[in-house]
Amino acid sequence: MRTTLGPVIAHLAMLAAGFGVLQLAGQLRPLSVGRLVFAAGLAYMAGLATVGTTLIVLNVAGVGLSLGVFGGVCAVLAAGMLAGVSRRSVRAPRVRRPTIGDLHGVRAESWVATAILALLAWIAFTGARALAYAPLSEFDSWLIWTRKAVLLFYNPHLPDLFLQTNVESGGHWDYPLLYSMLQAVQFRSAGGIVPERTHLVSWLILFAFVWAAAYLVRRSTRPVVWAGVLAGMVALEVPQVVTGLADSPMACFLGLGALAVGLWLQSGRTSDLVIGAVMLAGAAGMKTEGIMGAVIVLGVAFVIELAGRHWRRARIVAAAGLAVAITAILPWQLWVATHDVPATTSLRDALSPAYLVDRIDRVWPSVQALYAVMADLDFVRLVLPAAIALAVVRLRSMPRVAVFYLAVGLLYFLSLVWAYWSTPLDLEFLIGTSVTRVHVGVALLSTAAILQLAGEPTAVEEPPAVVAEDAREPQPLPPVAQPAA
Amino acid sequence: MLTAKVAGGWPQGRWLPSGALTLLVSVLGVLAAAAVVRGARSSVPLAGGVAVVITVLAIVTFANEGPSLARKLNKQYATDKDRPRAQLNNAGGAASNAREDFLAFAEQRIPSRARVWLVCEPTCGGMEQWVTWRLLPRPFVDSAEDADWVLMYNALPRDAGLRGAAARTAVRFDKRLYLARVAG
C-alpha cells in the first residue's frame, strides 16, 4: 500500500508547494478554482524545481535528506497557496451553469483541441500504468541517476566512500543532483526501492510540461495550436522519455524556462520572469547542459534588454540570473569542490584556449554528428524548420522574441558542440552513446519558440495589480507592429 | 548508423553544407506552405500560415502515432506487470549476462555497510558498473587493504592475492566465482 500511496502523496506535496511558488510569483492572480486547475502542470514543475533545489541546498549545508525535511520544505512553500485558497472568493467561485445552447457557440477547432487533449490524457494514463512496471535497463539510468537515488535512500547524504574510487567513477558524482534527489524522495516516500518506478518521474514531468506550456501561452496562442504542437511533441519524444534518463526532464525545464522568459520579453510581466528563473533552476539542477541552457537563456535576454537600453529590465534579468546561480548552480559546485570529486570535464580545461586548440579536431565531427542525428529525427525535422520559419517571419512583428529564440537555439547547439569538444571522454564513444538523446533540448526549445511565436504578437492582458506594478517601467518596450508579417 | 557515418570518415566540409541545405529547404518549404495558406485566406498573416502548417503537421503526426503509442503502452503493461520483481530489477545486467545468482548469493552474505573489493581477471570489462549497482549500498574500493570483503568475479583467490589460509576462507560459488571476507 505504502509503495503506491507514499509516492502519490509526495508528488501531491510537491504540487502544493508549486502552487505556493506560483502564488508568490503572482501567476495565480486573480486566484480561482479554474485557474488553479489550469495552472496545475506549471505548479507541479515549479514544485519539483523549488523543493528539489531546496533539498540540495540543505544537503550541501549539512541537513540530510529525510521525509521530515522534505515535508517541511513542501509545507513552507505551500503556505502561500493555502493562505490564498482560504479566501471566500476562491472557495465559492461564481460559475455559470453551462447549457446545451452553449455547445452551438463552440467552434470546430475547440472540438479538435478537446479530442487531442482527451487522447493525450489517455496516453498519459496508459504510459504511467506501463512505466510503473518497466525494467530499468537503460545503462546510464542505473549507472548514474538512480544509483545516487538509492544511496540517498539509505543515507541522508551521498557517502564520501563512493566519491573518489576508480571502481565507482562511472557514477559521475559531479553531475547535478536534482533528478536523483526527486527519485530518492520517491523511494523514501514508498518506504523502499522500486527502481522501475523511477520512470514515472520523467513521465510526469513530460505531461506536466505539456500542461504548463499550455497554461503559459493560454492568453496568446489558440488552443488548437498549442494542443496540436504539444501532442505532436509527445508522440515523437516518448521513446526518449521512457529511458529513465535525465535528458528529457532537463529539456522540459529548459523549454518552459525559455518560454516563460520569452513571454517576459514580450509582455514585461515580472511573474513570467520569476517562473522562468524557477524553471531554469530546475534545468540547471538536472544536467550540465541545463546549466549551459540557463546561462544562455538568461544571458540572451540580458543582452536583448541591454541592446534596447532597457536598463531596469536588464537589471531585473541579471538579478534573476544571479538567483539561479546562487540557488541552483553554486551550492552543488561548492559541494563538488569541497569533496574533491573528480570533474568529468574540467571547467578550467573547457575554457583554456590552449586545451581547446589542441583538440580542435573534435569540433567538426561533433557538429556533424549532432546535426545529423537531429536531422534524422522525426520530431526535430518537424519543429526545427517551423521554429526557424516562424522566427524569421516574426522578425518584424515580434523582433525581440524572434531574436531571442534564434539566438538561444543557436547558442544552445553550439554549447553542445563545446561540451563534446572539451570533454576528455572518447569522442566516438560519446557520440555513439549520447548524441541521440541530447537533441531533446533543441527540440523542446523549438517547441517553446513555436508556441509563443505562433501566438498573438500584442502584449498579453494583465491583471490590474501586475499591470500597475509593471507600469512603473521607465523604458517602454519597442512598438509592436501589427501582425501583418 | 550515426557512428558508422562518423567513423566512415565523410569528406570534411562536404556533409554540413548539404545538411544546412536540407534545413534551408525545409524552412523554405514551411514558408511556401504558409504562403499558400495565406493565399487561400488573405486575412491570415504569414506567421498565422506557418502556425497552421505546423499545427496540421503535428496533428497528423499525433493522429498517426498517438493511438498506436497507447496500444503499445497497454501491451507493455500487460507484458511487464506479471514479471517477477527480480527479473525487472536485473534487466540492466541481462544484456551482459551477469551472474545474478552469484550476486544474490553475495548480497545475502555481505553486510550492507561493508566495503568490497571487486576482482576480475584479466579485467572486469564494464561488469564492475553492474556489480556495484547491484550490490548497493555497499561501497566498492580500489584495493584489498581498504576492503572488508573480496568479490572475485571471473577470478581465482590467487588473483586477489589470497594465498594459504586466506585463500581457504574464500567461498566458492561456481567456477571462477568466489567470495572472501578479509577484515573484521
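Below, chains carry the letters A, B, ... as their sequence lines are ordered, and counting in each starts from 1.
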Trainee: Would you name the heavy atoms of B/Gln129 and A/Arg147 that are closest together and state the gap between them?
Mentor: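 B/Gln129 and A/Arg147 have their closest heavy atoms at O-NH2, 2.8 Å.
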Trainee: How close do A/Ala235 and B/Phe62 get, heavy atom to heavy atom, and via which atoms?
Mentor: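 That would be CB-CD1, 3.9 Å.
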Trainee: Measure B/Arg71 against the heavy atoms of chain A and call it side chain, backbone, both or neither at under 4.5 Å.
Mentor: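 Looking at B/Arg71, nothing touches chain A.
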Trainee: Are there residues of residues 96-128 of chain B whose heavy atoms fall under 4.5 Å of chain A's heavy atoms? If so, which?
Mentor: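 Near chain A, by residue number: B/Arg113, B/Arg115, B/Glu128.
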Trainee: At a 4.5 Å cut-off on heavy atoms, which part of A/Leu119 comes close to chain B: side chain, backbone, both, or neither?
Mentor: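 For A/Leu119, heavy atoms of backbone and side chain both lie under 4.5 Å from chain B.
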Trainee: Which region of A/Val238, side chain (C-beta onward) or backbone (N, CA, C, O), has a non-hydrogen atom less than 4.5 Å from a non-hydrogen atom of chain B, or is it both or neither?
Mentor: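 It is the side chain, since no backbone atom gets that close.
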Trainee: State the CG-OH distance between B/Asp82 and A/Tyr133, to the nearest 0.5 angstrom.
Mentor: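 With rounding to 0.5 Å, CG (B/Asp82) is 9.0 Å from OH (A/Tyr133).
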Trainee: Highest number of heavy-atom pairs under 4.5 Å with chain B: which of A/Ser137, A/Gly228, A/Gly170, A/Ala231?
Mentor: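 Highest number of heavy-atom pairs under 4.5 Å: A/Ala231.
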Trainee: Return the option, out of A/Pro385, A/Gly455, A/Pro195, with the maximum number of heavy-atom pairs under 4.5 Å with chain B.
Mentor: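 The answer is A/Pro385.
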Trainee: Please report the closest heavy-atom contact between A/Pro135 and B/Asp80, naming both atoms and the distance.
Mentor: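 Nearest pair, atom of A/Pro135 first, then B/Asp80: CD-OD2, 3.8 Å.
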Trainee: Taking side chain as everything from C-beta outward and backbone as N, CA, C, O, which of these in A/Val112 sits under 4.5 Å from a heavy atom of chain B? Side chain, backbone, both or neither.
Mentor: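 Just the side chain, heavy atoms under 4.5 Å.
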Trainee: Tell me, for A/Leu136 versus chain B, whether the close heavy atoms (under 4.5 Å) come from the side chain, the backbone, both or neither.
Mentor: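 For A/Leu136, the contact with chain B is made by backbone and side chain together.
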Trainee: Measure distances from B/Val27 to the heavy atoms of chain A and classify the residue's part below 4.5 Å as side chain, backbone, both or neither.
Mentor: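 Contact with chain A involves both backbone and side-chain atoms of B/Val27.
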Trainee: Where does A/Val150 contact chain B at under 4.5 Å (heavy atoms): side chain, backbone, both or neither?
Mentor: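 Contact with chain B is through the side chain of A/Val150 alone.
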Trainee: Which atoms of A/Leu143 are under 4.5 Å from chain B, going by heavy atoms: the side chain, the backbone, both sets, or neither?
Mentor: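 Side chain of A/Leu143 only, per the 4.5 Å heavy-atom cut-off to chain B.
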Trainee: Taking it one step at a time, do A/Phe153 and B/Leu136 satisfy side-chain contact (heavy atoms from CB on, under 4.5 Å)?
Mentor: CA-CA 11 Å; A/Phe153 172 78; B/Leu136 279 173; over 6 Å; no
Trainee: Below 4.5 Å, heavy-atom pairs only: which of B/Ser26, B/Pro139, B/Ala51 has the largest tally toward chain A?
Mentor: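 Greatest number of close heavy-atom pairs with chain A: B/Pro139.
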Trainee: Taking all non-hydrogen atoms of both residues into account, name the closest pair between B/Ala47 and A/Leu390 and its distance.
Mentor: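 Smallest heavy-atom distance, with atoms named: O-CD2, 3.6 Å.
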Trainee: With a 4.5 angstrom heavy-atom cut-off, which part of A/Tyr154 approaches chain B: side chain, backbone, both or neither?
Mentor: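 Looking at A/Tyr154, backbone and side chain both touch chain B.
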Trainee: Over 60° means perpendicular and under 30° means parallel, so classify the ring planes of A/Trp142 and B/Trp133, tilted if in between.
Mentor: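 B/Trp133 vs A/Trp142 ring planes: tilted.
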Trainee: What pairs with A/Thr126 under side chain to side chain contact (heavy atoms under 4.5 Å, CB included), at least two apart in sequence or on another chain?
Mentor: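 Once residues adjacent in sequence are excluded, the partners of A/Thr126 under the side chain to side chain contact (heavy atoms under 4.5 Å, CB included) criterion are A/Trp122, B/Ala70, B/Leu73, B/Asn74.
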Trainee: With chain B as the partner, which of A/Trp226, A/Phe125, A/Phe162 has the greatest number of non-hydrogen pairs under 4.5 Å?
Mentor: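 Going by pairs under 4.5 Å, I would pick A/Phe162.
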Trainee: Which pairs pass side chain to side chain donor-acceptor pair (under 3.5 Å) with one or both residues in residues 159-172 of chain B, sequence neighbours excluded?
Mentor: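 Every candidate side chain to side chain donor-acceptor pair (under 3.5 Å) pair involving residues 159-172 of chain B fails, so no pair, neighbours aside, qualifies.
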Trainee: Below 4.5 Å, heavy-atom pairs only: which of B/Ala91, B/Gly92, B/Pro137 has the largest tally toward chain A?
Mentor: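 Option with the greatest count: B/Pro137.
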Trainee: Heavy-atom cut-off 4.5 Å, strictly under: side chain, backbone, both or neither for A/Thr146 against chain B?
Mentor: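 Answer is both: backbone and side chain atoms of A/Thr146 are under 4.5 Å from chain B.
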Trainee: Tabulate, in ascending numerical order, the residues of residues 52-59 of chain B having at least one heavy atom closer than 4.5 Å to a heavy atom of chain A, or enter 'none'.
Mentor: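 At a heavy-atom separation under 4.5 Å, chain A is reached by B/Ile54, B/Thr55, B/Leu57, B/Ala58, B/Ile59.
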Trainee: Examine distances only and state if a side-chain atom of A/Glu168 and a backbone atom of B/Phe140 form a donor-acceptor pair shorter than 3.5 Å.
Mentor: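 Yes.
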Trainee: Do B/Leu23 and A/Ile388 come within less than 4.5 Å of each other through their side chains, counting heavy atoms only?
Mentor: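 Contact flag for B/Leu23/A/Ile388 side chains = yes.
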Trainee: Is there a side-chain contact (heavy atoms from CB on, under 4.5 Å) between B/Asp146 and A/Thr165? Walk through the geometry before answering.
Mentor: CA-CA 11 Å; B/Asp146 298 330; A/Thr165 56; over 6 Å; no
Trainee: Is A/Arg188 atom CZ crowded by more than 12 heavy atoms from other residues, nucleotides or ligands, each under 6.0 Å away?
Mentor: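 More than 12 within 6.0 Å, yes.
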Trainee: Is it the side chain or the backbone of A/Leu120 that comes within 4.5 Å of chain B heavy atoms, both, or neither?
Mentor: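 The answer is both parts of A/Leu120.
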Trainee: Using non-hydrogen atoms only, which part of A/Phe139 is less than 4.5 Å away from chain B: side chain, backbone, both, or neither?
Mentor: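 Side chain only.
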